[in-house]
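Okay, structure first, notes after.
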2 protein chains.
Amino acid sequence: MTTYREHLKEQLQDQQFQKAWEETELAYQVARAVIKLRLDYGLTQEELARKTGVPQSVISRLESGRHLPSLRSLEKISKKLGLQIRLDFIPTQAQPRLN
Amino acid sequence: MTTYREHLKEQLQDQQFQKAWEETELAYQVARAVIKLRLDYGLTQEELARKTGVPQSVISRLESGRHLPSLRSLEKISKKLGLQIRLDFIPTQAQPRLN
DNA sequence: TATAAATATAGCAATTTTGCTATAAACAGT
DNA sequence: ACTGTTTATAGCAAAATTGCTATATTTATA
């Protein structure tokens, strides 16, 4: 394979990777937030499911980052724990510490 | 109508109102955030639409709080403006100032 | 009040997420 | 290895959101 084609391929893969990453990035961010939330409360997925009415399969799917959850689901989960969702837009890059 | 029935009715209305409110509350919260975002940038819906690729009709629907937008839509909007979404769970009531 | 600009709404197909039930796979403790 | 517990996956119908085009309504301004 020519160097050119190799380079092209790499670029393509990078782009594909880039795109794939961007598409899953937010899902993972949310996933981590939910996992942290659940663990902070010392709950299993099943327990969180019972407490919030959101089925375990949905919680797992969400925590696995298999797709972007709806705000409705996140709201259901947080409300029953006495929490609310804070959502805002912040400058890119700045990953402010949560604590 | 008896006092009892009146009371029942009021309660029902309260519950219905409560429920309706809770269902739209988050949508309005998000709506306000997007409106603020857009105005901070001094853009019309049409301009924001062009800049982000999210159609004006969708932006209007969202800003009107007609339903809860997907995180994907919010992401599209924010990314093109060099922003990212911050989402976390905070204790209920605490309405922390954004500035 | 006429006109233009901005925003809201309508209706509908396509896409995405949910909710369900069941089961598989991973993990922990003995 | 065996058992129980926890998490991940599958597949599919129902529900919700998007994206589109067109149009109505509201708002601002001359």
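Chain letters run A, B, ... following the sequence lines, proteins first, then strands; residues in each count from 1.
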What does [X] touch in the nucleic acid at a heavy-atom separation under 4.0 angstrom: a base, only the sugar-phosphate, or nothing?
X	value
L68(B)	sugar-phosphate
S60(A)	base
R72(B)	nothing

*Can you check whether K76(B) reaches K80(B) side chain to side chain, under 4.5 Å on heavy atoms?*
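The answer is no; the side chains never approach within 4.5 Å.
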*asked:* Does any part of the side chain of D88(B), heavy atoms only, come nearer than 4.5 Å to the side chain of L87(A), both counted from C-beta?
replied: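 Contact flag for L87(A)/D88(B) side chains = no.
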*Looking at K76(A), does any N or O in its side chain come under 4.0 Å of the phosphate oxygens OP1/OP2 on dG19(C)?*
yes
*Does a side-chain N or O from R38(B) land closer than 4.0 Å to OP1 or OP2 of dT7(C), or not?*
yes
Compare the minimum distances between each of [options] and the side chain of [X], then state the nucleotide with the smallest one.
X	options	value
R66(A)	dG19(C), dT18(D), dA10(D)	dA10(D)
H67(B)	dT17(D), dT17(C), dG19(D)	dT17(D)
T44(A)	dG19(C), dT6(D), dT18(C)	dT6(D)
R61(B)	dT18(D), dG19(C), dA8(C)	dT18(D)

*N-O pairing of E63(A) and R38(A) below 4.0 Å*: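 The answer is yes: the pair qualifies as a salt bridge.
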Rounded off to whole Å, could you give me the [atom1]-to-[atom2] distance for the [X] and [N] pair?
X	N	atom1	atom2	result
E46(B)	dT25(D)	CD	C1'	17 Å
L26(A)	dT17(C)	CG	P	11 Å
L62(B)	dT18(D)	CG	C1'	11 Å
R50(A)	dT5(D)	CZ	P	12 Å
L74(A)	dG19(C)	CG	P	11 Å
E47(A)	dT5(D)	CD	P	12 Å
L48(A)	dT5(D)	CG	P	19 Å
L43(A)	dT6(D)	CG	P	11 Å

*Residue met sooner reading DNA chain D from 5', once S73(B) and S64(A) are mapped to nucleotides*: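 Of the two residues, S64(A) wins.
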_Pairwise 5' ranking along DNA chain D for Q56(B) and P69(B), keeping only the more 5' one_ =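 The residue whose closest nucleotide sits nearer the 5' end is P69(B).
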_Can you work out whether S70(B) or Q45(B) has the more 5'-proximal nearest nucleotide on DNA chain C?_
Q45(B)
*Before giving the answer on side chain to side chain contact (heavy atoms under 4.5 Å, CB included), spell out for L68(B) and T24(B) the whole-Å C-alpha distance, their side-chain angles and the decisive distance to 0.1 Å.*
CA-CA 8 Å; L68(B) 258 183; T24(B) 51; over 6 Å; no
_Derivation and outcome, side chain to side chain contact (heavy atoms under 4.5 Å, CB included), residues F89(B) and L81(A)_ = CA-CA 10 Å; F89(B) 304 107; L81(A) 298 177; over 6 Å; no
